[in-house]
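What follows is a short report on a single structure.
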Amino acid sequence: MPPVDEFVSAVLGLYRSEGRSFPWRETRDPWRILVSEFMLQQTQTVRVLPKYLDWFVQFPDVQALADASLADVYAAWKGLGYNSRALRLRDSARIISNDLAGTVPDNETALLALPGIGPYTARAVLAFAYNKPGIVLETNIRSAYIFHFFPQAAKVSDRELLPLAQAAMHQALAGGCTVRDWYYALMDYGVFLKKHETNPTRRSAAYTRQSRFEGSLRQARGALLRALESQRSAPLSEIAQHTGLSEPADYHRLQKAAEALVAEGLLCYDQDRLRFVD
DNA sequence: ATCCAGAGAA
DNA sequence: TTCTCTGGAT
């Protein structure tokens, strides 16, 4: 059997026996799939699961999120991390609601024009919501290709994976698999490999290590945002006391964090008091 | 300690 | 191309 055929049957074989089930795989509502993809950007499925279910209780549809205040959106997002994603998701909801008649785009160009949607998310939405073929590459899928086709290589670029990804998808679709199922299967295969092998993603050119959290700027960001949840608004000096970041070096980090959050449009100043923008 | 269904700005 | 953004499960 040709290598690509072997790969495809291994991936689909595992999918039949150990394929995972998630709520965002049960729906075909493009908006719900879009929301799941925002939440899943650099965030594990186990952490997204409860948040995803709660989300639609609070924001049932695009319009509900478009109308929501940023304070409410951030509160619902709490625990997912990368809070700028929450802001971009709401802004995308506003554009979809105001300019696109409430419909999630079904082409790559229009998807990429939305804030918070890059190459991965655009193609994932096309695949999962609209069953449209395209090359989807993320960490689990890279693992699958690298483990199978580059067992010895130290650094594998996406460019090297592309022709294999094309051939494998073509082969899977020719065998009657849907685009949607092919990519679910690929992700599940990658997750399976990581449980039984040394993470093949480490040999991807796209792999980067997480920098330390303790003493970092993002630690100060997190502390600042948590403080503003309970305070609503407060001067930075008060937040410093509240978070225990009042030593000169810590206070400096807090200032930098506030500066960045204001620049990102998440927070603003009311006189000298920090608060969420509306 | 590791790393996650990446995106956007510098 | 490189850097930064999160925090919780394992």
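In what follows, chains are A, B, ... by sequence order, proteins preceding strands, each numbered from 1.
- Checked against dA9(C), dA5(B), dC4(B), the side chain of V46(A) finds its nearest nucleotide in dA9(C).
- For a distance-only test at 3.5 Å, the side chain of Q210(A) qualifies as a donor-acceptor partner of the base of dC4(B).
- Among the protein residues, Q41(A) comes within range of the sugar-phosphate backbone only, with heavy atoms under 4.0 Å from sugar or phosphate atoms but none that close to a base.
- For dG6(B), the base has no donor-acceptor partner in the side chain of E37(A) [N/O atoms by modelled type, under 3.5 angstrom].
- An OP1 or OP2 oxygen of dA7(B) is reached within less than 4.0 angstrom by a side-chain nitrogen or oxygen of T121(A).
- Judged by Watson-Crick or G-U wobble contacts below 3.5 Å, the nucleotide dA10(B) has dT1(C) as its partner.
- Among dT10(C), dC5(C), dA5(B), the nucleotide with an atom closest to any side-chain atom of N140(A) is dA5(B).
- When each of dC3(B), dA5(B), dA9(C) is scored by its nearest atom to the side-chain atoms of T45(A), the top-ranked nucleotide is dA5(B).
- Using a 4.0 Å cut-off between charged nitrogen and carboxylate oxygen, D250(A) and R253(A) count as a salt-bridge pair.
- Considering only side-chain N and O atoms, R202(A) lies under 4.0 angstrom from the phosphate OP1 or OP2 of dC3(B).
- The side chain of K194(A) lies closest to dC4(B), out of dC4(B), dA7(B), dC5(C).
- Counting any heavy atom pair closer than 4.0 Å across all strands shown, L80(A) reaches a base atom.
- Using a 4.0 Å heavy-atom distance criterion, G118(A) is classed as a sugar-phosphate-only contact.
- Side chain of L40(A), nearest nucleotide from dA5(B), dC5(C), dG6(B): dA5(B).
- Closest-nucleotide positions on DNA chain B for S36(A) and R88(A) were compared, and the one nearer the 5' end corresponds to S36(A).
- Taking only distance into account, the side chain of Q42(A) never meets the base of dC4(B) through a donor-acceptor pair shorter than 3.5 Å.
- At least one side-chain nitrogen or oxygen of Y207(A) sits closer than 4.0 Å to the OP1 or OP2 atom of dC3(B).
- Judged by distance alone with a 3.5 Å cut-off, no donor-acceptor contact links the side chain of R212(A) to the base of dA1(B).
- Side-chain nitrogen and oxygen atoms of R209(A) include at least one within less than 4.0 Å of the OP1 or OP2 phosphate oxygen of dT2(B).
- Using a 4.0 Å heavy-atom cutoff across all strands shown, F128(A) reaches no nucleic acid atom at all.
- Comparing I117(A) and Y184(A) by the nucleotide of DNA chain B whose heavy atom lies nearest to each, the residue mapping closer to the 5' end is Y184(A).
- Within 4.0 Å (heavy atoms only), K256(A) reaches no atom of the nucleic acid at all.
- Both the sub-6.0 Å distance and the 45° axial angle are satisfied by R32(A) relative to the ring of F56(A).
- Remark: T139(A) is in phosphate contact with dC4(B), judged by side-chain N or O atoms under 4.0 Å from OP1 or OP2.
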